[in-house]
> 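Please find one structure pasted underneath; my questions will follow.
Lettering follows sequence order; numbering is per chain, from 1.
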Amino acid sequence: MLDRRLIREEPDRVRQALEKRRSDFDLDELIQLEARRRELLAVEELRAKRNELSKQIGATIKAGDDAEALKAEVSEVNRQIEQMESELTEVEALFDQRMLEIPNIPRDEVPIGVDEEDNVVVEEWGEARRFDFEPKPHWELGPQLGILNFEVAAKLAGARFVTDIGAGALMERALINLMLDTHTRKHGYTEVLPPFLANERSLIGTGNLPKFEDDLFKTREGLYLIPTAEVPLTNMHQDEILDGNLLPLCYAAYTACFRSEAGAAGRESRGIIRQHQFHKVELMKFTRPEQADDELEKLVKDAETILELLELPYRRVLLCTGDLGFQPERTYDLEFYFPAMGRWLELSSCSQYGEFQARRCNTRFRPQPEAKPQFVHTMNGSGVACGRTLAAIIEHYQQENGTVVVPEALRPYMGGLSEILPPLP
RNA sequence: GGAGGGGUGGCCGAGUGGUCGAAGGCGGCGGUCUUGAAAACCGCUGUACCGCAAGGUACCGGGGGUUCGAAUCCCUCCCCCUCCGCCA
């Protein structure tokens, strides 16, 4: 959510941001609503009058005098108040709704562009492996090795699910443990294991609602399956005023993530790339505004560390305005080149939001003991996605004979296993 | 799921129709005293919106209602606690 003063005082800045994003948001409607809302604030004077008269009535009755004339006067004032309030309520409701639908303002350094073609590669680490044989995709290798099973998942749940079995399940658990251990012990994050379901308020807090309800699974009871740990983590301090000295607060959480993937059919959808359920270790920070840029840089590096430990080559990409999500003001993706697919896919997405989410969650901090509270800045990033990383490992570490070498860093977490072999016949 | 008890300011806790944005305590900030500190004493100390300001409006879990007037009465929803049932 943006500051409503921005709508009033710097509408051109907002308009430019919307244009950069190629957003079809109706800013003029919002500006008109805000203007009308301010006109209707005159109702406050009438309320003041009512309060004053009511006090007089109390005093009059106490003195034993007749207050009927005063009561009649207040009734007349109340009629006027009622009229104005009904319109004010309407205008405010629509205004608040629209405010939840306006996207964040991209930062100046975000390249202007249309789609992912216009994203900018800012860093590369390692080199893509050169194969002296035809590399196989993970959706062939995984089933051959008996570690990924799509048929079982289809029986249990349906399309777009996978069942990890044996060394596959072990490796995914190893990835989770490697990531959590690294982030908590070496990078200073506090581990959190939150609920995997969240209420409406929390999904509004992160910006998944009201606009993106179709992407979510919803339970009969009205709860939503979390699409990312960002949701519970970002909402941990709803309605709180944090001690400025405690910032930055850094959290790391493993969770399953659930996405309906409505309308995603056919795209990047082979294997375990795009699933209804996947697993992820998420990094999330609450910072002071002036800390935000440095902390984001550290957060991205923390995610990169995982890929470096796994010796997976990657590149860092700065998303352009056209590819930027609704909520972030800036996003870096970490991408791995999947050799069999011949394309780069993100293993991590790290975003900063400025005050955008903090306003929605009402999470503030007090810079000094006596100072006014102000909104924190939030940011988060996958550190990193487990399923896609598992796929990357399978493809990157495959051998010509169909086995997969286990990255050194994972072996301690896998009972010393160094290579995944096919099941015995 | 059944029965009962609760949700008040950073925290604890009074308040059952008017002068209550809310006693008192704790915590915090400032001051007096002190070589310094502690103790004691004095003062200040919620948030948002409108306003240059004075000031005004709203908020006592959320929403709605009764009333000239609601923290206080009524309805409804949510959350927490205790006991019973069920259960990993």
> What is the distance from CD of A:Gln238 to C1' of B:rG61, rounded to the nearest Å?
13 Å

> Side chain of A:Ser382, backbone of A:Ser349: donor and acceptor closer than 3.5 Å?
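Yes, because the side chain of A:Ser382 sits within donor-acceptor range (under 3.5 Å) of the backbone of A:Ser349.
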
> Does a side-chain N or O from A:Arg4 land closer than 4.0 Å to OP1 or OP2 of B:rC50, or not?
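Checking B:rC50 against A:Arg4, no side-chain N or O comes under 4.0 Å of OP1 or OP2.
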
> Between B:rG4 and B:rC41, how far apart are the two P atoms, rounded to whole Å?
47 Å

> Please state how far atom CZ in A:Phe95 lies from atom P in B:rC50, giving the value in whole angstrom units.
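Whole-Å distance recorded here is 10 Å.
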
> Give a yes or no on whether the backbone of A:His237 and the side-chain of A:Thr363 come within a donor-acceptor separation of less than 3.5 Å.
yes

> Does A:Val406 offer a backbone N or O that forms a donor-acceptor pair with the side chain of A:Arg411 under 3.5 Å?
yes

> Watson-Crick or G-U wobble partner for B:rU66, using a 3.5 Å limit on both distances?
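Here B:rU66 is not engaged in any pair, so there is no nucleotide opposite it.
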
> Does B:rG1 have a Watson-Crick or wobble partner in any strand here, with both distances under 3.5 angstrom, and which is it?
B:rC84

> Sort out the partner of B:rA54 for me: Watson-Crick or G-U wobble, both distances under 3.5 Å, none otherwise.
none

> At a cut-off of 3.5 Å, list every protein nitrogen or oxygen paired with a nitrogen or oxygen from nucleotides 66-72 of chain B, distance to 0.1 Å.
residue: B:rC68; atom: O3'; partner: A:Asn78; partner atom: ND2; Å: 3.3
residue: B:rC68; atom: O2'; partner: A:Ser54; partner atom: OG; Å: 3.1
residue: B:rG69; atom: OP1; partner: A:Asn78; partner atom: ND2; Å: 3.3
residue: B:rG69; atom: O4'; partner: A:Ser54; partner atom: OG; Å: 3.3

> Atom CZ of A:Arg201 and atom P of B:rC77: how far apart are they, to the nearest Å?
21 Å

> A:Asp239 CG to B:rG10 C1': how many Å, rounded?
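Atom CG in A:Asp239 sits about 14 Å away from atom C1' in B:rG10.
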
> Are the side chain of A:Ser351 and the backbone of A:Thr331 linked by a donor-acceptor contact shorter than 3.5 Å?
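Between the backbone of A:Thr331 and the side chain of A:Ser351 there is no qualifying donor-acceptor contact (under 3.5 Å).
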
> I'd like the C1' distance from B:rG65 over to B:rC84, given in whole Å.
35 Å

> Quick check on RNA chain B: between A:Arg47 and A:Glu34, whose nearest nucleotide comes earlier from the 5' end?
A:Glu34

> Could you work out the separation of B:rG13 and B:rG6 based on their P atoms and round it to a whole Å?
13 Å

> For B:rU76 and B:rG85, measure between their P atoms and round to the nearest Å.
29 Å

> Under a 4.0 Å N-O cut-off, is there an ion pair linking A:Lys71 with A:Asp66?
no

> Are A:Glu39 and A:Arg36 close enough, and set up right, to give a salt bridge (charged side-chain N to carboxylate O under 4.0 Å, His left out), and what steps lead you there?
CA-CA 5 Å; A:Glu39 282 170 18; A:Arg36 185 63 184 148; 2.6 Å; yes

> Would a distance-only check, ignoring hydrogens and angles, find a side-chain to backbone donor-acceptor pair under 3.5 Å from A:Asp323 to A:Leu319?
no

> Once you apply the 3.5 Å cut-off to both distances, tell me the Watson-Crick or G-U wobble partner of B:rC44, or none.
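Because both required distances fall under 3.5 Å, B:rC44 counts as paired with B:rG28.
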
> What is the separation between atom CD on A:Glu240 and atom C1' on B:rG46, rounded to the nearest whole Å?
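After rounding, the reported distance stands at 15 Å.
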
> In whole angstroms, how far is the C1' atom of B:rA48 from the CG atom of A:Leu41?
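Answer to the nearest Å: 12 Å.
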
> For A:His187 and A:His183, take the angle between the two ring planes, folded into 0 to 90°, and tell me which bin it lands in: parallel under 30, tilted 30 to 60, perpendicular over 60.
tilted

> Between A:Arg388 (side chain only) and A:Glu346 (backbone N and O only), is there a donor and an acceptor less than 3.5 Å apart?
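Here the side-chain-to-backbone pair exists.
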
> Below 4.0 angstrom from OP1 or OP2 of B:rU57, is there any side-chain N or O of A:Arg38?
no

> What's the gap between B:rC68 and B:rC78 when it is taken at their C1' atoms, as a whole Å value?
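One C1' to the other, the span is 32 Å.
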
> For nucleotides B:rU82 and B:rU72, find the distance between their P atoms and express it as a whole number of Å.
27 Å

> Who does B:rA14 pair with, Watson-Crick or G-U, both distances under 3.5 Å?
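Looking at the geometry, B:rA14 pairs with no nucleotide.
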
> Expressed in angstrom and rounded to an integer, what is the separation of A:Glu92 atom CD from B:rG63 atom C1'?
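Answer to the nearest Å: 15 Å.
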
> B:rA38 pairs with which nucleotide, Watson-Crick or G-U wobble, both distances below 3.5 Å?
none

> Would you say a side-chain N or O of A:Arg8 is under 4.0 Å from OP1 or OP2 of B:rC50?
yes

> Pick the C1' atom in B:rU66 and in B:rG7, then give their distance to the nearest Å.
23 Å

> Rounded off to whole Å, could you give me the CE-to-P distance for the A:Met84 and B:rU57 pair?
15 Å

> Nearest-nucleotide wise, let me know which of A:Glu45 and A:Ile241 is further upstream toward the 5' end of RNA chain B.
A:Ile241

> Distance check, C1' atoms only: B:rG31 and B:rC81, in whole angstrom units.
43 Å

